[in-house]
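Presented below is the structure to which this report refers.
This chain uses plain numbering: 1 for the first residue, then up along the sequence.
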Amino acid sequence: MSVDASVERRAEPENRNGDGNGFVAPSSTHRLRLNPNTDHEPDSYEDLQLEFSPLLFSSLEQYLPPFMLNTRRDVKVQYMRDILLRYSNESERNRVQKQKEYRQKIMLRYQPLHQQLYAMNAEKFFVPSFLEAIKNNTEEGFRRIISEGSPGVYTFEMLQPCFCEMLMSEVENFEKWVYESKFRIMRPNTMNKYGVVLDDFGLETMLDKLMDSFIRPLSRVFFPEFGGSTLDSHHGFVVEYGMDRDLDLGFHVDDSEVTLNVCLGQQFSGGELFFRGIRCDKHVNTEARAEEILDYYHVPGLAVLHCGRHRHGARATTSGRRMNLLLWCRRSFLAIGNPGLFVEDGVFRELKKYQKDFSSWCAVCQHEKKERQRVAVAATKLEILKRDGNHAP
């Protein structure tokens, strides 16, 4: 496949200072462990009003130094919040605050049509085969329900028709309210001109649960190199395609670690997804190999799961109208370099521009690494032969 357009992008000693009651004063020496304590069961923070996602606190708790793990929840919150504030920049905090205020305005005015959508009801939302696989939580069980049409592109039955219909109806009701109230809303991303951000009108908690309990177990197995076991934030939205909506979607990569894409339905033709392999920024516009080429035809309720770096696009919808649920799953903070150093995902992605070897997942980097190894081995053999020749009688 010839890419005819550029891909778009849409450890210090433990601090034991305290007051005898478990209180630990904020300090620049607060650090997190490099590796998580996977045997530790973190607290839930969903009932607290915090600047950062509750899931982020639950995720970071496993990285706390041992002396902090069994302290009171409020002490752990204080400790982690101090770290998060130190490693997040002010402009990002301002952006998050403005977004929170924007969503509060919507939720104060918008009346949901299907209140049952706003809390996770797994038995009503998901097909039995998917629920059984998640309950068993084994790689063997996951692979029984999943097909891999091309390396790194996984498809499986996921959503029940009643959920798809309810969600589409809720989106239409929200759009009607937007039109009648003349409320200006933000679209899902820079490439889609139609569609809505589900988090903006109250579905954030449900989608957090979807990612945490149903997508992260899969990502842990299938996307370990992209941090699949540490996903703790998301961007959830619905996109709309049709003759009077977005017609197609250009070749691009997602701003996510892992992406879930599920067709919700309506009558349509065309609009198939095309996948062309996983690449780093340096090689994002290189040719796809034969085994990386996949054209996927949407089926309502059928899910596609892939890493955000997987190059893809959507062909034109030639008739009817199509709605898809997208969940961009991300790691809010990522450990890099020295133990205990965490940075925002945006900073991490900026730092990745200066890295050169992504051979654990980029096909071109893999090929280049193998070629360097081959050349090195050949050079070593030649040097040995020369030495043996010089010592020959």
Side-chain angles (χ1 to χ4, degrees), residues 1 7-8 10 125-127 129-131 133-134 139 142-161 163-164 167-168 188-189 191-192 195 198 207 210-211 214-226 228 231 234-241 246 248-266 268-279 288 291-317 321-330 361:
M1 182 279 263
V7 176
E8 295 190 49
R10 322 192 275 195
F125 292 179
F126 306 122
V127 298
S129 59
F130 177 72
L131 280 177
I134 294 296
E139 181 174 351
F142 294 151
R143 293 194 179 277
R144 276 199 293 267
I145 68 165
I146 284 177
S147 297
E148 188 175 8
S150 177
V153 182
Y154 303 96
T155 61
F156 50 95
E157 292 184 23
M158 183 181 184
L159 298 180
Q160 295 208 34
F163 174 85
C164 296
L167 185 54
M168 287 191 292
N189 54 65
M191 297 182 71
N192 288 100
L198 301 175
L207 294 176
L210 170 59
M211 181 196 68
F214 300 93
I215 302 306
R216 191 159 62 182
L218 294 170
S219 299
R220 174 183 56 80
V221 172
F222 297 110
F223 302 106
E225 65 272 42
F226 295 97
L231 303 174
H234 75 265
H235 176 52
F237 54 97
V238 163
V239 291
E240 301 175 74
Y241 293 90
D246 287 319
D248 56 17
L249 192 64
F251 197 50
H252 68 284
V253 294
D254 295 338
D255 187 16
S256 68
E257 270 64 62
V258 176
T259 293
L260 172 73
N261 186 340
V262 194
C263 179
L264 298 174
Q266 298 195 337
F268 63 91
S269 58
E272 59 268 24
L273 290 175
F274 58 94
F275 291 91
R276 296 297 184 265
I278 305 170
R279 296 290 189 274
E291 67 271 15
E292 295 176 319
I293 297 175
L294 173 68
D295 285 5
Y296 169 79
Y297 295 84
H298 291 285
V299 177
L302 199 66
V304 184
L305 195 68
H306 60 88
C307 74
R309 293 298 315 180
H310 208 126
R311 304 176 299 171
H312 62 288
R315 303 195 192 282
T317 298
R321 188 179 172 203
R322 172 171 64 86
M323 276 193 190
N324 278 58
L325 165 65
L326 276 295
L327 193 69
W328 286 356
C329 304
R330 300 162 168 163
W361 51 267

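A salt bridge is defined here as a Lys NZ or Arg NE, NH1 or NH2 lying under 4.0 Å from an Asp or Glu carboxylate O, and Arg321 with Glu240 meets this definition. In summary, Glu292 and Arg279 engage in a salt bridge, as defined by a charged side-chain N under 4.0 Å from a carboxylate O. Ion pairing between Asp295 and Arg315 holds under the 4.0 Å rule for side-chain N and carboxylate O.
Between Val262 and Ala303, the shortest heavy-atom contact is CG2-CB, 3.8 Å. Heavy-atom minimum distance, Ser219 versus Leu231: OG-CD1, 3.6 Å. Taking both residues in full, the closest heavy atoms of Gly265 and Pro300 are given as CA-CG, 3.8 Å, listed atom of the first, atom of the second, then distance. Across Cys307 and Ile278, no two heavy atoms sit closer than the pair SG-CD1, 3.7 Å.
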Checklist entry - Under the side chain to side chain contact (heavy atoms under 4.5 Å, CB included) criterion, do Leu305 and Val258 qualify, and how do the steps go? => result CA-CA 7 Å; Leu305 195 68; Val258 176; 3.7 Å; yes

Checklist entry - Can you list the steps and then say if His235 with Arg330 is a side-chain hydrogen bond (donor to acceptor under 3.5 Å, both in side chains)? => result CA-CA 8 Å; His235 176 52; Arg330 300 162 168 163; 5.3 Å; no

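The environment of Glu157 atom CD is sparse: at most 12 non-hydrogen atoms of other residues, nucleotides or ligands sit within 6.0 angstrom.
Ring centroids of Phe268 and Tyr241 are separated by 6.0 Å or more, keeping the two rings apart. Aromatic rings of Phe223 and Tyr154 (six-membered ring for Trp) have centroids within the 6.0 Å cut-off, being under it. For Phe274 and His312, the distance between ring centers is not under 6.0 angstrom.
Classified by interplanar angle (parallel below 30°, tilted 30° to 60°, perpendicular above 60°), the ring pair Phe222/Phe142 is tilted. A perpendicular orientation is assigned to the rings of Phe275 and His306, their planes being inclined by more than 60° (bins at 30° and 60°).
Just one of Phe125, Phe156, Phe126 meets the ring-ring contact (aromatic ring centres under 6.0 Å, His included) condition when paired with Phe214; it is Phe126.
In this view, Tyr296 satisfies the side-chain hydrogen bond (donor to acceptor under 3.5 Å, both in side chains) rule with no residue, not counting sequence neighbours.
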